[in-house]
Every structure is written in C-alpha cells, then in structure tokens.
Asks: 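Okay, handing you the structure first.
Per chain, numbering begins at 1; letters A, B, ... match sequence-line order.
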Amino acid sequence: MIDKHLAELTVAAVKELFQTEVASANIQIQKTVKDFEGDLTVVIFPFVKIARKSPEQCGEIIGQYLQANSNFITGFNVVKGFLNVVIDEQYYLDFLNENKNINNFGYHAAIAEKPFVVEYSSPNTNKPLHLGHIRNNLLGWSVSEILKANGHPVKKVNLVNDRGIHICKSMVAWMRYGNGETPENSGLKGDHLVGKYYVEFDKAYKQEIKDLVSKNIPQEQAEKEAPILLEAQEMLRKWEQNDADVRALWEKMNNWVYAGFDVTYKRLGVDFDKIYYESNTYLLGKSMVLDGLQKGILNQRPDTSVWADLREDGLDEKLLLRADGTSVYMTQDLGTAKLRYEDFEAQKMMYIVGNEQNYHFDVLKIILKKLNYPFADTIEHVSYGMVELPEGKMKSREGTVVDADDLIQEMVNTARQKTEELGKIDNFESEEAQKLYETLALGALKYFILKVDPTKNMLFNPHESIDFNGNTGPFIQYTHARIRSLLNKSDIETEVLNTKMQAISMNEKEKSVLKLLHDFPQIVRQAGDLYSPALIANYIFELAKEFNSFYQDTPVLREENEELRKFRLALCAFTGQVLKSGLHLLGISAPEKM
RNA sequence: GGUUCCGUAGCUCAGUUGGAUAGAGCAACAGCCUUCUAAGCUGUGGGUCGCGCGUUCGAAUCGCGCCGGAAUCACCA
C-alpha cells in the first residue's frame, strides 16, 4: 500500500532531519483534497514543534527529503501545514497491470481458523416477515459475505422462534375461526395465512376484554381473564406436555409458515448453513439454569422462580425460570449459545439483532460469564437500528407494518413500469425481462437499506424512498451493464488485455478512477472490521460516479492511439469487476445488460 | 427517573485514528442524446454541523452542561 510506504518514509525523514523517533502509525497520511495538486498528503503540524520551524518550512524540507529518497514521488507542494505529494503515474499503472485480471481482487486470502458463526433473520412463526426483517436479513447475509471476503470461514445460522404463546395465539384463532382454511385451498402464502389468524386473535381478544369491561370487570382483570387468552395459555401448557393433538396442529401450522418464509428468503437471496429451532434448544437452557442454581451462582425465590443477581454488574436481577418452571427468552438463548458453540467450535458468535435488544445481550454475556462458560466472550451482538416509517415506528397492532412480500412485489412492479417507460426492453425476451425487473427491484431495495450505517435508525418512506436514479443500486447496476456492453463490443481480444500496459499519460479522470480502484482492498478490510456493508455501498457508488464522469467524455473504442485504447479498456474491465464484487458483497447481482 | 444511542442542506444520508473552503443523492433551476446504453453527464442555488462552554496550532469529530428525539430498564420474544 502506497500510503504505508509514504508513512514509513516520513518516519525516516523525521528521524534524519529532526533526530526524533516517530511511530509510523502516528503519521497522518490522507488523500489530497481535489482542489490541490497531488495525490497523497502528509499532515505536517505534528512535526512543527520538534522541528522548531514554521509549518511551511517544515513541509518544504520533508518534501525534499521524500522526493530525494523515493522512486515513486515526482513532486510536491506545501499549503499551510499540508505536504501534498505527487505520486508517479507509473505506480498506478503497475497497480493496474498487476491486478486487472485477478478475479477476486480486493478479497483477502482465506485464513485457516475457527469459524465465525453469524446468526440472523431469527423470525417468529406467527406472522410474515416485514421491513425490519428485511434489514436484518440483508445485513446478516452481507456481513457474512464481507467476513468471507476478509478470509474468515463463516457459518450462517437462523434461530427460528417456533414455540411460545405467540404461535398458540394463531393456533387458537385458527381453531375457532379457520373453517379448515389452508394455504392450498385459500391460495394464501402459509406465513400470511398464519399471520392472518394472529390478527384474528388480537381482534377477538380485544372484543372479549371490551365485553368483560362492560360487565363491570376491571380492565386489568379483563386483560388477564379473557377466554381466548386462557385458551392460548392452556394450549401452551398442553404443548409443553406433548399433547399429541396440539403438537400436530403446531407442526402443521409451522410448516405452512416455513414454506412461506422459504419463498421470501429465496427471493431475497439469503440462505443458511444451519437452522436452529427454539423448541429443540430451550430445554438445554433450562438445564444450564438448574445447574447454575445447584452451584449457588443463581438463586431461587420462595415462589420457586429462578433469578440471576446482576446488581454487582450495575444491572438488575433477571428472571431465568418462571415459578411454574417454564422458560423465558433468556433461558433459551443460554441454551442456543452453548449448543452453537459446541456445534461449530466457533471463534466468534455473532448475533445480528436490533438495537432494542442491546440490554438483552449485555445480560446474556454476563450470565454466561457468571456460569463460567468459556464462550461468553465469543459472543458479539451486531446491533442495528430500527427502520422507521414517516408516521413513526412500525406497529403490527396498528397495521402500519410494511410486509416484506408486498414491498418486494411493489418494487418489481415499479421496476417494470420504469423500464418500459425508458423503452429498454424492446429486444428482450419476456422471461429475460421478468428476470431483469427482479434484479433491479432487489438491487434498489438492498442498496437503499444497506447504504445506511447499520447502527443508525433509518427512515423508510414506502412511496418515495425507492428510486432508480442517483445514489441507488440500479445506478451502479447500470454502470456495470454499460461496461459489459462496451467490452462486448470491443474487438480487442482478452489476450491483448492480458498484456502489460506501456507507459501512457493518463488524464485526471482516469487517474481518479484508478486511485479509487486502488482503495478497494482497504475498504473491504474496513467493512469487515466494522461489520458495515454501508462502507462498501458508499464506495461502489463513488466509484461508479467517478467512472461515469470519465466515461461520458473520454472515448474508449474510438480512441485511435492503440496503447491508450488498451489502457482505457483495461480500466473499464477492472472497474466493472470491482463494481461486480462490491455489489456481490451487498447481495446485489450485476446484470450484463439492462 | 436510571442506562444506552442519536441530532449535519427542504428531504434521505456520507463525513476514517481530531486536519485544508463540511460532501453526495433526491427535490428546484439551466444546459447536453446523427457520437462506446440519457436509469447518464455538466453547471447554479441551498449550512449557526441542535445550543453553550472547555481541551487543542486546529473540533461535525474529544470532554462537560443544557435542549430535542429514540430504544431499553417485562414472569414478550
């Protein structure tokens, strides 16, 4: 990396000129701002004191030293405390020659180590996926790919929350009002069907409360004693007792939901190496809690409920087992953590879970530590922000959730409409066109969501948010398609592209594209360190924009100078490749034509 | 009330370990399709980086205090 060389050279300069040792990491190298001449800039201010000279003088003598002692610096200038260094074009040309034909340029070599286990998605089985899940799924998939690109082995896992009162609610409502409705005979997607009865439950529950209140029963009591709620609780108890009928119904409805989820996952392009079911893991959690109780790490109250006392850690007491012996969310998570650690010998267990659960994961880690499990420290909560709507937070009860399937379909429709308006599909077969709409729609959706810093809450306006112009997925896809089209038209053989570029003189725009390409491996590294697909997204947008600016008024195929033509073709090909790689890390496909 | 996070252009967002005149996209306005795909390019306008104080050669970035918003502190998951 050129900036590291420059930093080391600066260290040597400071040592020689001012007889002072400076750590290379403390040297500040940055890209030169556009308005000034130069490629990289050394910040001089830190040396002013030890040099006992003005910033200008200081920059001047360091600049002279750098130029005299390197073969890649062709000039420099000093503005205030900033030393702008001009890098030899040959350096960038060499970079192009060395990397332009590497398929996975920017990806780092595989490391032989224990895997990163990434949990994401983690749906409940009582309702379909919504916009919040989309952000989760896209982040999980993308972070996994970015980790892989950094050489880490990755296992993607999903933890399905398939048991509990929520699914019983759907079951009760289906028993009462379903009339034998199934996905087959209703044409409804399984998850939507089950979700429909979850809503039915809520309606009936509210009505029953109302009825009770009108009979002068206090609101609070009514909420606890509504018959349909009691039915659901009874069903949960039967479930825990392995009641055959309840289990059969539970399995039937859950399978409807899984079939529905699979369709959505497939359309989103996400997948998993292993799926865990809470119904299979909660008992392990229970046993861990009882074990901790026996060892005196946890404590039991007179009502027999079991608690962890975390007050020494600045937190509260946390319930782990109810008085009736049933488990809670935390209990189950203790079990899955252990199971997962043992399944994969994980180096790291990452949980892609919303920031509303930050507290939960703090508590989880502390309890595991208290219970002396060595894997407590491998847990990493990759916390992401909420997706908000213009009218505020999504609330399923108020019907303001944006359904994942509906949203995707709406995007596909928009993509079709937009494409037809532009008259792009005249020579497309209909099947090909359909595929393109899907590609563009998902490109737009994924990019829109992933370009935002994961840790921040984001706003999604269903009617206005998704655009196909500007800083969007389709813009980058379009840039890629144009490059592919250009390369297809070029009559220069691949062999020619494989040959080494001769020294040519490049213009500012070409150089700027080349400099951006040069940064890609660093961006991948950084995105991996910060678990942030947004860095990739912002980078490929910058690259596509810079490329378009070059592409607009610099002829490639029409260039008569053979060397220059080859150089530009190589630049196009390389840019196309990096755009494709970047899009891939976001789960977005790069169409050949559009 | 305690804890955590957030506040940058009309809107949506970037802004690396503190660095130069705070940047994009959308929206608005003005240009560019007989020329490699106009889902594009070029230009114009738009800012008290929530407010104040402090640290520093230098602060959107660090510290403290306010103001405003969100999440969480559940025998929901």
Asks: For A/Met458, answer base if it contacts any base atom (sugar-phosphate contacts may also be present), sugar-phosphate if it contacts only those atoms, and nothing otherwise; contact means non-hydrogen atoms under 4.0 Å.
Replies: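 Sugar-phosphate contact only.
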Asks: Quote, to the nearest angstrom, the C1' distance that separates B/A22 from B/G47.
Replies: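 The same atom, C1', in both gives a distance of 9 Å.
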Asks: May I ask you to say what A/Lys418 touches in the nucleic acid, namely base, sugar-phosphate or nothing, with a heavy-atom cut-off under 4.0 Å?
Replies: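 It contacts base atoms.
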Asks: P atom, B/C5 versus B/C64: distance in rounded Å?
Replies: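 To the nearest whole Å, 11 Å.
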Asks: Would you kindly give the CD-to-P distance between A/Glu388 and B/C5, to the nearest whole Å?
Replies: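 Interatomic distance, CD of A/Glu388 to P of B/C5: 17 Å.
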Asks: Is the shortest side-chain N to carboxylate O distance from A/Lys53 to A/Glu60 below 4.0 Å?
Replies: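 No, A/Lys53 and A/Glu60 are not salt-bridged.
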Asks: Would you indicate which nucleotide in B/A20, B/G15, B/A39 comes nearest to any side-chain atom of A/Asn469?
Replies: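 Comparing B/A20, B/G15, B/A39 against the side chain of A/Asn469, the answer is B/A39.
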Asks: Would you mind reading off the distance between A/Tyr551 atom OH and B/G40 atom C1', rounded to a whole angstrom?
Replies: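 Atom-to-atom, A/Tyr551 to B/G40, this comes out as 10 Å.
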Asks: Which whole number of Å gives the distance between the C1' atom of B/C33 and that of B/A9?
Replies: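 Going atom to atom, C1' in each nucleotide, I get 32 Å.
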Asks: Of the options B/A71, B/A74, B/A77, whose atoms approach the side-chain atoms of A/Glu356 most closely?
Replies: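 Looking only at heavy atoms from C-beta outward on A/Glu356, the closest nucleotide is B/A71.
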Asks: Quick one: A/Lys224 NZ to B/C76 C1', roughly how many Å, whole number?
Replies: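 Between C1' of B/C76 and NZ of A/Lys224: 15 Å.
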Asks: Under 4.0 Å, heavy atoms only, any strand: does A/Gln477 hit a base, just the sugar-phosphate, or nothing?
Replies: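 Answer is nothing: A/Gln477 stays at 4.0 Å or more from every strand.
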Asks: Nearest to the side chain of A/Leu486, heavy atoms from C-beta on, is which of B/U12, B/C36, B/U21?
Replies: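 Ranking B/U12, B/C36, B/U21 by closest atom to the A/Leu486 side chain puts B/C36 first.
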Asks: Quick test of your reading of the model: are A/Lys515 and A/Asp39 salt-bridged, counting only N-O distances below 4.0 Å?
Replies: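 Looking at A/Lys515 and A/Asp39, the cut-off is met.
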Asks: What nucleotide among B/A20, B/C26, B/G19 has an atom nearest to a side-chain atom of A/Asn84?
Replies: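 Looking only at side-chain atoms, A/Asn84 lies closest to B/A20.
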Asks: Compare side-chain N and O positions of A/Lys49 against OP1 and OP2 of B/C57 and report whether any pair is under 4.0 Å apart.
Replies: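 It does, given that an N or O in the side chain of A/Lys49 lies less than 4.0 Å from OP1 or OP2 of B/C57.
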Asks: So A/Ser465, base contact, sugar-phosphate only, or nothing? Heavy-atom distance under 4.0 Å.
Replies: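 Nothing, no heavy atom under 4.0 Å.
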Asks: If anything within 90° of 0 is syn and all else is anti, what is B/C11?
Replies: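 Glycosidic conformation of B/C11: anti.
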Asks: In terms of side-chain heavy atoms of A/Val452, which of B/A14, B/A24, B/C75 is nearest?
Replies: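 Within the option list, the nearest is B/A14.
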Asks: Looking at every strand, decide which applies to A/Gln332 at a 4.0 Å heavy-atom threshold: base, sugar-phosphate, or nothing.
Replies: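 Touches nothing.
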Asks: Salt bridge or not for A/Arg565 and A/Glu560, using N-O below 4.0 Å?
Replies: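 Salt bridge flag = no for A/Glu560 with A/Arg565.
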Asks: Please give, in whole Å, the distance from B/C5 C1' to A/His381 NE2?
Replies: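 Taking atom C1' of B/C5 as the reference, NE2 of A/His381 is at 13 Å.
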Asks: State whether the distance check finds a donor on one side and an acceptor on the other, under 3.5 Å, for side chain A/Thr41 versus base B/A20.
Replies: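 Indeed, a donor on one side and an acceptor on the other fall under 3.5 Å apart.
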Asks: When you compare the ring of A/Phe541 with the six-membered ring of B/G25's base, are the centres less than 5.5 Å apart and the planes under 30° from each other?
Replies: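 No, A/Phe541 does not stack on the base of B/G25.
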Asks: Taking the same atom, C1', in B/G65 and in B/G58, what whole-Å distance lies between them?
Replies: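 It works out to 24 Å between them.
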Asks: Rounded to the Å, how far apart are A/His360 NE2 and B/C75 C1'?
Replies: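 Value for this atom pair: 15 Å.
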Asks: Please classify the nucleic acid contact of A/Phe468 as base, sugar-phosphate, or nothing, using heavy-atom distances under 4.0 Å.
Replies: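 Base contact.
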Asks: Determine the Euclidean distance between corresponding P atoms of B/G15 and B/C62; express it in Å to zero decimal places.
Replies: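 To the nearest whole Å, 13 Å.
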Asks: Rounded to the nearest 0.5 Å, how far apart are CD1 of A/Ile209 and CD of A/Glu225?
Replies: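 Going from the CD1 atom of A/Ile209 to the CD atom of A/Glu225 covers 11.0 Å.
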Asks: By nearest atom, which of the nucleotides B/A77, B/U21, B/G40 is closest to the A/Tyr329 side chain?
Replies: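 When the side chain of A/Tyr329 is considered, B/A77 is the closest of B/A77, B/U21, B/G40.
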Asks: Using a cut-off of strictly less than 4.0 Å between a heavy atom of the residue and any atom of RNA chain B, enumerate the qualifying residues of residues 553-560 of chain A by number.
Replies: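 Contacting residues: A/Thr554, A/Pro555, A/Val556, A/Leu557, A/Arg558.
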Asks: A/His381 and ring pair (Phe, Tyr, Trp, His ring centres under 6.0 Å): which single residue from A/Tyr359, A/Phe361, A/Tyr120, A/Tyr351 fits?
Replies: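 Result: among A/Tyr359, A/Phe361, A/Tyr120, A/Tyr351, A/Phe361 is the only option passing the ring pair (Phe, Tyr, Trp, His ring centres under 6.0 Å) with A/His381.
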Asks: Which nucleotide wins on minimum distance to the side chain of A/Val33, given the candidates B/A20, B/G7, B/C13?
Replies: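 The nucleotide sitting nearest to the side chain is B/A20.
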Asks: Going by atom types only, do A/Ser170 and A/Asn126 share a side-chain donor-acceptor pair under 3.5 Å?
Replies: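 The criterion, which ignores hydrogens and geometry beyond distance, is not satisfied for A/Asn126 and A/Ser170.
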Asks: Do A/Gln526 and B/U16 share a donor-acceptor pair, side chain to base, under 3.5 Å?
Replies: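 Counting by modelled atom types and ignoring angles, a donor-acceptor contact under 3.5 Å is found here.
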Asks: Quiz question: by atom type and distance under 3.5 Å, do the side chains of A/Asn158 and A/Tyr276 form a donor-acceptor pair?
Replies: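 Distance-only check fails for A/Asn158 and A/Tyr276.
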Asks: Using only side-chain N and O atoms of A/Lys509, determine if any of them is under 4.0 Å from OP1 or OP2 of B/C41.
Replies: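 The answer is no; no side-chain N or O of A/Lys509 sits under 4.0 Å from OP1 or OP2.
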Asks: I'd like to know if A/Ser122 reaches the base of B/A77 with its side chain, counting only an N/O donor and acceptor under 3.5 Å.
Replies: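 It does not, because no donor-acceptor pair links the side chain of A/Ser122 to the base of B/A77 below 3.5 Å.
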Asks: Taking the same atom, C1', in B/G25 and in B/G19, what whole-Å distance lies between them?
Replies: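 Each nucleotide's C1' atom is 26 Å from the other's.
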Asks: Establish, with yes or no, whether the OP1 or OP2 oxygen of B/U8 is under 4.0 angstrom from a side-chain nitrogen or oxygen of A/Lys456.
Replies: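 Looking at the OP1 and OP2 atoms of B/U8, neither is under 4.0 Å from any side-chain N or O of A/Lys456.
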Asks: Can you tell me how far P of B/C75 sits from CD of A/Gln233, to the nearest Å?
Replies: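 After rounding, the gap between these two atoms is 15 Å.
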Asks: Can you check whether A/Ala481's main-chain N or O pairs, donor with acceptor, with A/Ser485's side chain at less than 3.5 Å?
Replies: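 No, because the side chain of A/Ser485 does not come within donor-acceptor range (under 3.5 Å) of the backbone of A/Ala481.
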Asks: Between B/U72, B/C75, B/A38, which nucleotide gets closest to the side-chain atoms of A/Arg322?
Replies: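 The listed nucleotide nearest to A/Arg322's side chain is B/C75.
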Asks: Taking atom P in both B/C49 and B/U8, what distance in whole Å separates the two?
Replies: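 Approximately 12 Å lies between the P atom of B/C49 and that of B/U8.
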Asks: Scan A/Ala481 against the nucleic acid and name what it touches under 4.0 Å (heavy atoms): base, sugar-phosphate only, or nothing.
Replies: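 Since a base atom lies under 4.0 Å of A/Ala481, the category is base.
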Asks: Look at all strands and tell whether A/Phe82 reaches a base, only sugar-phosphate, or nothing, counting heavy atoms closer than 4.0 Å.
Replies: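 Answer is base: heavy atoms of A/Phe82 come under 4.0 Å of a base.
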Asks: Among B/U37, B/G40, B/A39, which is the nearest nucleotide to the side chain of A/Gln552?
Replies: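 Out of B/U37, B/G40, B/A39, the nucleotide with an atom closest to A/Gln552's side chain is B/G40.
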Asks: Do the non-hydrogen side-chain atoms of A/Leu321 and A/Thr331 ever get within less than 4.5 Å of each other?
Replies: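 Yes. Closest side-chain heavy atoms under 4.5 Å.
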Asks: Under 3.5 Å, is there any donor-acceptor pair linking the side chain of A/Lys424 to the base of B/U37?
Replies: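 Answer is yes: a donor-acceptor pair is held.
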Asks: For A/Ser549, report the nucleic acid contact type (base, sugar-phosphate, nothing); a contact means any heavy atom under 4.0 Å.
Replies: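 Sugar-phosphate, backbone atoms only, no base.
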Asks: For A/Lys489 and B/U37, is the shortest distance between a side-chain N/O and OP1 or OP2 below 4.0 Å?
Replies: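 Yes, A/Lys489 has a side-chain N/O under 4.0 Å of OP1/OP2 on B/U37.
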Asks: From the set B/C75, B/G40, B/A70, return the single nucleotide nearest to any side-chain atom of A/Asp303.
Replies: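 Output: B/C75.
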Asks: Nearest whole angstrom, please: distance from the P of B/G25 to the CZ of A/Phe475.
Replies: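 Roughly 9 Å, once rounded to whole Å.
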Asks: I want to check one thing: is the phosphate of B/A38, taken as OP1 and OP2, less than 4.0 Å away from some side-chain N or O of A/Arg482?
Replies: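 Yes, within the criterion.
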Asks: NA contact type, A/Leu315, heavy-atom cut-off 4.0 Å: base, sugar-phosphate, or nothing?
Replies: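 Result for A/Leu315 = nothing.
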Asks: Going by ring centres under 5.5 Å and near-parallel planes (under 30°), is A/Phe36 stacked on B/A20?
Replies: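 Whether judged by distance or by angle, A/Phe36 passes, so it stacks on the base of B/A20.
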Asks: On the 0 to 90° scale, with breaks at 30° and 60°, tag the A/Tyr539-A/Phe520 ring pair as parallel, tilted or perpendicular.
Replies: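 If you compare the ring of A/Tyr539 with that of A/Phe520, the planes turn out parallel.
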Asks: What interatomic distance, in whole Å, is found between P of B/G10 and the corresponding atom of B/G45?
Replies: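 About 16 Å, rounded to a whole number of Å.
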Asks: With both distances kept under 3.5 Å, what pairs with B/C5, Watson-Crick or G-U wobble?
Replies: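 Its partner is B/G69 (Watson-Crick or G-U wobble, both distances under 3.5 Å).
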Asks: Could you go through the side-chain contact (heavy atoms from CB on, under 4.5 Å) check for A/Gln477 and A/Thr439 one step at a time?
Replies: CA-CA 9 Å; A/Gln477 292 173 313; A/Thr439 300; 3.6 Å; yes
Asks: Does the distance from a Lys or Arg side-chain N to an Asp or Glu carboxylate O, for A/Asp553 and A/Lys509, drop under 4.0 Å?
Replies: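 Here A/Asp553 pairs with A/Lys509 in a salt bridge, since their nearest N and O are under 4.0 Å apart.
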